[in-house]
Number of protein chains: 2
Amino acid sequence: MKQISTRFSMAVHTLSLIAVSPNECTGDFIAGSVNTNPVVIRRIMGMLKKAGLVDVRPGVGGATLLKEPGRITLLDIYRAVDVTEENRLFRMHESPNMNCPVGRNIEQALQSELQAAQSAMEQRLARTTLEQLIGTFQ
Amino acid sequence: MKQISTRFSMAVHTLSLIAVSPNECTGDFIAGSVNTNPVVIRRIMGMLKKAGLVDVRPGVGGATLLKEPGRITLLDIYRAVDVTEENRLFRMHESPNMNCPVGRNIEQALQSELQAAQSAMEQRLARTTLEQLIGTFQ
DNA sequence: AATAATTGTAACTAGAATGGTTACAGCGGT
DNA sequence: ACCGCTGTAACCATTCTAGTTACAATTATT
């Protein structure tokens with residue numbers, strides 16, 4: 001990956017819409033605001049539903065938040081849309097040469113640093129709630 | 001992207017090798033330790049060279065660090081291997097609907113949060129030097 | 001009961017990134 | 001001149017992305 005998928009920003013956009021205008025939020029309406037295909041939104045809604053963030057009404061349409069906007073963080077959304085593999089931002093090359101002192105030790109040494117960096121990013125995401133985000137422009 | 005390319009971890013591995021055993025560090029030798037194809041290492045070395053981190057000797061072979069290991073951070077290496085597009089970790093969906101209050105404002109509001117999260121990660125990478133990393137297993 | 005709007009998925013597509021591979025030209029000591 | 005190395009170009013299979021078409025299932029309304 002060169003960049004984290006737009007699924008994440010679309011999901012934030014989607015939840016913001018549901019929070020701001022709880023009625024009228026059908027997949028097509030959201031797709032119109034996000035400017036993408038409705039199916040893309042439905043896929044994202046499915047992930048948000050699976051994560052317990054929203055309830056989607058089949059047939060009649062529309063969605064509601066299952067948690068208050070003040071209790072949904074950007075990290076919750078990030079995790080919901082499954083944007084990284086196995087919750088690891090950094091991928092490491094596999095099976096380095098164990099006969100080499102560097103090859104033997106690099107994996108563990110680097111892994112903990114990468115994990116720390118990933119955590120720093122995630123904890124920053126966790127500090128912002130949907131409510132705060134909406135508050136900046138509503 | 002599901003994950004940040006192994007180019008980064010391979011580059012860290014490569015520089016660690018050069019720091020630890022300044023002689024013998026030909027592309028083939030490094031590739032043997034990393035366990036990949038020599039061309040992959042040569043490509044990475046080209047990027048590290050372009051970033052001013054190493055000097056590679058064509059013809060004769062081998063590479064040397066252009067900065068002390070204590071002055072090369074993981075962030076320097078991360079930046080050198082060009083692992084994200086335009087230095088943006090998060091990609092955002094484009095051209096949301098400007099007729100919608102959310103669509104009109106989400107970009108700027110979210111962008112600053114994402115930038116903050118990215119910075120948190122990068123600053124954590126900047127805190128670790130090659131010297132520290134090598135120190136943990138040498 | 002029929003209708004219409006909506007959700008939930010499956011299947012397919014074009015485009016791009018990844019990591020590996022072969023091939024070969026150019027460099028530079030010996 | 002030789003030999004080993006670097007620097008690239010070209011190509012490949014695989015995977016992810018985001019969009020698209022299609023259609024079955026759901027549910028309020030008529």
Side-chain angles (χ1 to χ4, degrees), chain A residues 1-11 13-14 17-18 22-32 34-51 54-64 81-86 88-96, chain B residues 1-11 13-14 17-18 22-32 34-51 54-64 81-86 88-96:
Chain A
M1 119 196 153
K2 277 295 212 183
Q3 288 183 299
I4 287 171
S5 166
T6 57
R7 253 202 322 277
F8 177 37
S9 69
M10 288 184 184
H13 189 145
T14 295
L17 268 179
I18 299 174
N23 311 325
E24 302 284 349
C25 271
T26 66
D28 282 37
F29 174 80
I30 297 170
V34 171
N35 190 24
T36 184
N37 190 291
V39 177
V40 174
I41 296 299
R42 280 181 238 158
R43 280 200 283 244
I44 289 171
M45 298 271 276
M47 291 179 172
L48 298 175
K49 192 169 83 171
K50 200 167 166 185
V54 299
D55 179 46
V56 185
R57 287 178 295 269
V60 52
T64 53
V81 293
D82 195 26
V83 94
T84 55
E85 178 98 11
E86 290 179 343
R88 293 237 166 123
L89 178 59
F90 297 92
R91 187 170 161 208
M92 276 199 64
H93 56 289
E94 289 163 5
S95 47
Chain B
M1 119 190 147
K2 278 297 213 182
Q3 288 183 299
I4 287 171
S5 165
T6 57
R7 251 199 329 273
F8 177 38
S9 69
M10 286 185 185
H13 189 147
T14 296
L17 268 180
I18 299 174
N23 310 326
E24 303 284 349
C25 271
T26 67
D28 282 37
F29 173 79
I30 296 170
V34 171
N35 190 24
T36 185
N37 190 290
V39 176
V40 174
I41 296 299
R42 279 181 238 160
R43 282 200 282 243
I44 290 172
M45 299 271 276
M47 291 179 171
L48 297 175
K49 190 170 85 173
K50 200 168 166 184
V54 299
D55 178 47
V56 185
R57 286 178 296 268
V60 54
T64 53
V81 292
D82 194 27
V83 93
T84 54
E85 179 96 11
E86 290 178 344
R88 293 238 167 122
L89 178 59
F90 297 91
R91 187 171 159 208
M92 276 198 64
H93 56 289
E94 290 164 5
S95 48

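Proteins get letters first, then strands, A, B, ... in listed order; numbering begins at 1 in each.
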For [N] and [X] - does any side-chain N or O of the residue sit under 4.0 Å from the phosphate oxygens OP1/OP2?
X: A:Thr36; N: D:dA18; result: no
X: A:Thr26; N: C:dA5; result: no
X: A:Ser5; N: D:dA18; result: yes
X: B:Lys49; N: D:dT6; result: no

Spacing between [X] atom [atom1] and [N] atom [atom2], to the nearest angstrom:
X: B:Asp82; N: C:dA17; atom1: CG; atom2: P; value: 10 Å
X: B:Ile4; N: C:dT18; atom1: CD1; atom2: C1'; value: 14 Å
X: B:Asn23; N: D:dG4; atom1: CG; atom2: C1'; value: 17 Å
X: A:Met92; N: C:dG19; atom1: CE; atom2: P; value: 12 Å
X: A:Met45; N: C:dT6; atom1: CE; atom2: C1'; value: 11 Å
X: B:Glu85; N: D:dT17; atom1: CD; atom2: C1'; value: 13 Å
X: B:Gln3; N: D:dT15; atom1: CD; atom2: C1'; value: 12 Å
X: B:His93; N: D:dT17; atom1: NE2; atom2: P; value: 16 Å

*asked:* Under 4.0 Å, heavy atoms only, any strand: does A:Arg7 hit a base, just the sugar-phosphate, or nothing?
replied: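 Answer is sugar-phosphate: A:Arg7 comes under 4.0 Å of backbone atoms only.
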*Answer with base, sugar-phosphate or nothing: what part of the nucleic acid does B:Gly27 contact at a heavy-atom distance below 4.0 Å?*
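Sugar-phosphate only.
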*Heavy-atom protein contacts under 4.0 Å, nucleotides 21-30 of chain D, coded B base, S sugar-phosphate only, - none*: BB---BS---
*Once you round to the nearest 0.5 Å, how far does CD of B:Glu94 lie from OG1 of A:Thr6?*
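It comes to 8.5 Å.
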*Rounded to the nearest 0.5 Å, what's the gap from CE on B:Met92 to CZ on A:Phe8? Could you check?*
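Here the interatomic distance stands at 9.5 Å.
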Shortest non-hydrogen contact between [X] and [Y], atoms and distance:
X: B:Pro96; Y: A:His13; result: CB-CE1, 3.9 Å
X: B:Phe90; Y: A:Gln3; result: O-NE2, 3.7 Å
X: A:Met10; Y: A:Ile44; result: CB-CD1, 3.5 Å

_Side chain to side chain, B:Ile41 and B:Asp28, heavy atoms closer than 4.5 Å_ =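 Sidechains of B:Asp28 and B:Ile41: no contact.
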*On DNA chain D, nearest-nucleotide positions of B:Asp28 versus B:Arg43: which is more 5'?*
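Looking at the nearest nucleotide for each, B:Asp28 comes out on the 5' side.
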*Measure from the side chain of A:Arg91, starting at C-beta and using heavy atoms only, and say which of C:dG20, D:dG7, C:dG19 lies closest.*
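Closest nucleotide among those given: C:dG19.
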*Could you tell me which residues satisfy side chain to side chain donor-acceptor pair (under 3.5 Å) with B:Asn35, sequence neighbours excluded, listed by chain and number?*
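B:Asn35 satisfies side chain to side chain donor-acceptor pair (under 3.5 Å) with A:Ser95 once adjacent residues are dropped.
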